[in-house]
Every structure is written in C-alpha cells, then in structure tokens.
2 protein chains.
Amino acid sequence: MKSSAAAESLPRLTAGERTRQSILDVAVDLASVEGLDGLTIGRLATELDMSKSGLFAHFGSKEELQLATIEAAKHRFAAEVVAPALKAKRGLPRLSALCKEWIGYGQDSVFPGGCFFAAAAAEFDSRPGLVRDRIAEAMDQWIDMLRIAVRKAIEEGDLLSSIDSEQLAFEINAMLMAANFDFQLHDDKKAFDRAKKGIDRLLHHASA
Amino acid sequence: MKSSAAAESLPRLTAGERTRQSILDVAVDLASVEGLDGLTIGRLATELDMSKSGLFAHFGSKEELQLATIEAAKHRFAAEVVAPALKAKRGLPRLSALCKEWIGYGQDSVFPGGCFFAAAAAEFDSRPGLVRDRIAEAMDQWIDMLRIAVRKAIEEGDLLSSIDSEQLAFEINAMLMAANFDFQLHDDKKAFDRAKKGIDRLLHHASA
DNA sequence: CCTACCGATCGGTAGG
DNA sequence: CCTACCGATCGGTAGG
C-alpha cells in the first residue's frame with residue numbers, strides 16, 4: 001500500500017492540489033487589485049513563473065479560474081473575519097465582533113486591493129453569468145450573517161424587539177462598504193473610524 | 001463674415017463638437033455597464049457605426065477618452081441630481097432634496113449600469129493615474145455637497161449644532177452607495193426604500 | 001472622417 | 001507541466 005489515507009486528514013494534498021492552492025493565493029491578491037476580469041492567465045502565469053498553458057491546465061477555462069478564485073477568497077474571508085467573530089458569545093457581543101473583525105480586515109488589507117467581494121460585486125453586477133451569481137451569493141451570505149446576529153441579539157434581549165433585522169443589517173453593511181471604498185480611494189484610515197462611529201450609534205439606538 | 005458668434009451663446013457647436021458629444025453620450029452608457037476599462041475604442045466604434053480610427057481622432061488616446069467620458073457623466077449627474085435639488089431652499093429641505101433626487105437617479109437608471117461614479121471608483125481605486133484622480137475628485141465633490149448642505153441645515157437651525165457634518169455626510173452617502181450596489185446585484189428596488197428609511201432616521205435623530 | 005496596417009496580448013488548443 | 005501555435009481583439013499609427 002502506498003499511503004494511509006486515514007492519517008492527518010486535512011494536510012494530505014497531492015502535488016497538483018498544492019500547486020493549485022498556491023496559484024489561487026496569488027490569483028486572489030491579483031484579482032483584488034486588477035479586478036476579476038483583469039486577472040489574465042498570462043499575467044498570473046508570469047507572476048508565478050509558469051507557462052500559460054501549464055497554469056491553464058489546472059482550470060480549463062477563464063471562468064473556472066474566476067470561480068475558483070472566488071472560492072479561495074471566501075475561505076480567506078471566513079478565516080479572517082467570520083471565525084474570530086464566532087468566538088464571541090451569541091447576541092450583541094457576536095454582532096459587535098462581526099463588525100469589529102470586518103473593520104480590522106479592511107484596515108489590515110487582508111486583500112491588497114480592499115474587500116474582494118465589494119470590488120467583484122461592483123465589477124460584475126452588470127454581467128450575467130456564473131461569476132456574478134457566486135459573488136452575489138457570497139455577499140448575501142455575509143448580510144444574512146449580520147441579519148441573523150441581529151435577530152439573535154433581539155432574542156437575547158440585547159436589542160429592542162421592534163428592530164427590523166434586515167434593515168439594520170443593511171445599514172451596518174452600508175457603513176462597512178462605504179469605509180472600504182473611501183479607504184481605497186483616499187488611503188486614509190479615518191474612513192474606518194467613521195464606519196465604527198456610525199455602527200456604534202446604530203447599535204446604541206437599537207439597544208434596550 | 002461667416003457667422004455671428006454673439007448669437008445663441010450655447011447651442012453654437014461645430015459639427016466636430018456635435019459628433020464628439022454624441023460619441024460621449026454612448027460612451028457614458030457603455031462605461032457604466034462594461035466599466036471604464038471595458039469601454040474599448042473598437043466596441044464604441046461599432047456601437048456608433050464609425051471606424052475605430054475616425055473615433056480615435058476625437059480623443060488621441062484611450063485615457064483622454066476615459067477622461068472625457070467622466071466629464072460627460074458629471075454633466076449628466078449635475079443635470080439629473082444637483083440641479084433639481086438646488087431648487088429646494090437651503091437648509092434641511094435642500095439636504096433632503098439631494099437625497100431624494102439621488103434615490104430617483106438610482107431608481108430611474110440614469111446610467112444603465114447604475115451610478116457611474118460608484119462603479120468607476122471601485123474599478124480604478126487601485127490604479128494610480130489621472131482617471132483615478134478625476135473620479136476621486138468627482139466623488140469628493142458630491143460628499144462635499146452633502147457636507148455643506150448639512151452645515152447649512154445646522155446654521156438654519158434645522159439640525160442640532162452638535163452634529164458632525166462630515167460624519168453625517170459619510171453616513172448618508174453610505175446608504176446611497178449601498179442601495180446602488182444592492183440594486184445592481186439583486187435588481188430589486190427595495191434597496192432604495194431601505195436607504196430612504198435609513199436616511200430618514202439619520203435626519204430625524206439629527207433634528208432639533 | 002476613412003482604409004490599411006502595426007506589435008502586443010487575450011483566451012484557448014495541439015501535441016507531447 | 002512544457003513549446004508552439006491559433007484567431008480575435010486591444011490601443012495606436014500612417015497616410016490620405
């Protein structure tokens with residue numbers, strides 16, 4: 001027998017899978033700066049010191065590369081924002097943690113060109129297709145996470161029962177997105193302070 | 001003498017200037033959908049039933065075409081949003097009118113791909129150059145207009161003197177931008193209702 | 001405003 | 001994973 005499949009369940013990756021992962025790490029960074037369409041196979045191959053066709057063989061089409069890049073970005077977002085926030089206990093603490101972790105994610109430039117999903121949504125919102133659908137799905141999942149955290153905060157008695165969870169999630173996300181674009185355009189982190197201040201006031205007014 | 005320069009001061013345009021204007025009308029619409037970079041000279045020429053080089057001669061470079069397109073988009077925005085809002089009297093009425101006109105501008109798809117400036121800012125925020133600078137300038141002018149309207153509303157006694165005009169302008173704009181991106185991604189106008197509701201509450205809490 | 005062209009780069013393929 | 005290639009399109013130019 002060649003190897004024990006049962007041992008070390010996760011890090012057991014084939015060489016091809018490892019190459020694919022390192023391609024996607026670079027692809028995510030490149031796409032956050034140049035856009036998901038500006039992410040060209042030639043450019044990415046140069047960045048990785050590979051041949052175009054060698055890289056291409058891992059994906060089969062540009063669309064598949066784009067979809068795989070979105071998937072890799074989702075994993076990075078989950079690790080950097082969602083996972084830390086889930087350590088806070090449910091209710092208002094977790095809602096606050098989601099906002100705090102998102103602001104940290106923006107400030108620390110987890111993606112070098114700013115929030116991957118905000119940029120990709122703006123780029124693809126007028127181009128029907130699988131890429132657009134997956135980006136919209138990722139955005140919806142994030143807003144949904146905020147909305148559910150608001151609802152739990154209401155259930156825990158931390159927020160007023162009269163609060164419209166969908167409306168509050170929309171407004172919180174609006175502050176975060178605005179901070180992201182403001183920061184990208186002006187390279188001034190006070191945009192995140194403004195978002196923080198706006199969200200603090202939103203949560204204060206929603207509190208019992 | 002060929003013509004009286006003094007008569008009809010504005011509509012006196014040369015044939016070249018009229019052609020240029022009709023090119024830019026199409027360029028603005030195309031760019032709002034495909035992006036300012038996706039606005040290619042070949043694509044634009046096809047749309048206008050012109051030769052590439054004939055169109056190119058009006059601008060001299062792609063960057064000049066992009067800059068002229070931004071200028072044309074600013075004019076459309078000024079006519080559709082700013083001018084109507086300036087009919088309202090200074091203070092809170094004008095601030096409310098700016099928000100109302102902006103929401104109308106979004107709902108009516110004055111640019112077929114959504115707010116031209118929001119899309120262009122997201123597209124170019126990581127690409128240094130003249131195009132990026134002009135877009136940032138246009139965005140700053142809009143936020144500044146909101147900020148000044150807030151300040152006037154404070155001076156008129158319509159809003160509390162404790163209000164931070166820059167912060168409020170940021171938060172109002174955040175609602176508008178979020179509604180724009182939400183609408184582009186979901187094609188559901190309830191995003192504008194959410195923005196309206198959020199802004200109404202912002203202004204209510206800021207009122208004396 | 002046109003035809004005719006340039007070198008560079010795009011996504012993708014053949015064949016190994 | 002590679003070399004070598006394809007047709008299409010890019011921004012831009014020559015010359016009229």
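The sequence lines fix the lettering, A, B, ..., with proteins before strands; numbering per chain opens at 1. Bear in mind the structure is a predicted one, so any value in this text is a computation, not a measurement.
At a cut-off of 3.5 angstrom, the base of D:dG12 holds no donor-acceptor pair with the side chain of B:Lys62.
Atom CG in A:Leu39 sits about 13 Å away from atom C1' in C:dC10, given to the nearest Å. Between the P atom of C:dG11 and the CD1 atom of A:Ile41 lies a distance of 5 Å, rounded to the nearest Å. Straight-line distance from the CZ atom of B:Phe56 to the P atom of D:dG12: 4 Å, rounded to whole Å. For B:Lys52 and C:dC6, the NZ to C1' distance is 10 Å, given to the nearest whole Å. For A:Asp37 and D:dC10, the CG to P distance is 12 Å, given to the nearest whole Å.
Classification of the A:Phe111-A:Phe116 ring pair by plane angle, with boundaries at 30° and 60°, yields tilted.
At a cut-off of 3.5 Å, with distance as the only test, no side-chain donor of A:Gln21 or A:Glu17 sits close to an acceptor on the other residue.
Neither OP1 nor OP2 of C:dA4 sits under 4.0 Å from any side-chain N or O of B:Ser53. An OP1 or OP2 oxygen of C:dG12 is reached within less than 4.0 angstrom by no side-chain nitrogen or oxygen of A:Ser61.
Applying the side chain to side chain contact (heavy atoms under 4.5 Å, CB included) test between B:Asp125 and each of A:Asn180, A:Asp187, A:Val33, A:Leu185 identifies A:Leu185 as the sole match.
In the displayed structure, B:Arg90 atom CZ is contacted under 6.0 Å by at most 12 heavy atoms of other residues, nucleotides or ligands.
Note on B:Thr40: only backbone sugar-phosphate atoms sit closer than 4.0 angstrom, heavy atoms only; bases stay farther off.
Remark: D:dG16 base-pairs with C:dC1; criterion is Watson-Crick or G-U wobble with both hydrogen-bond distances under 3.5 Å.
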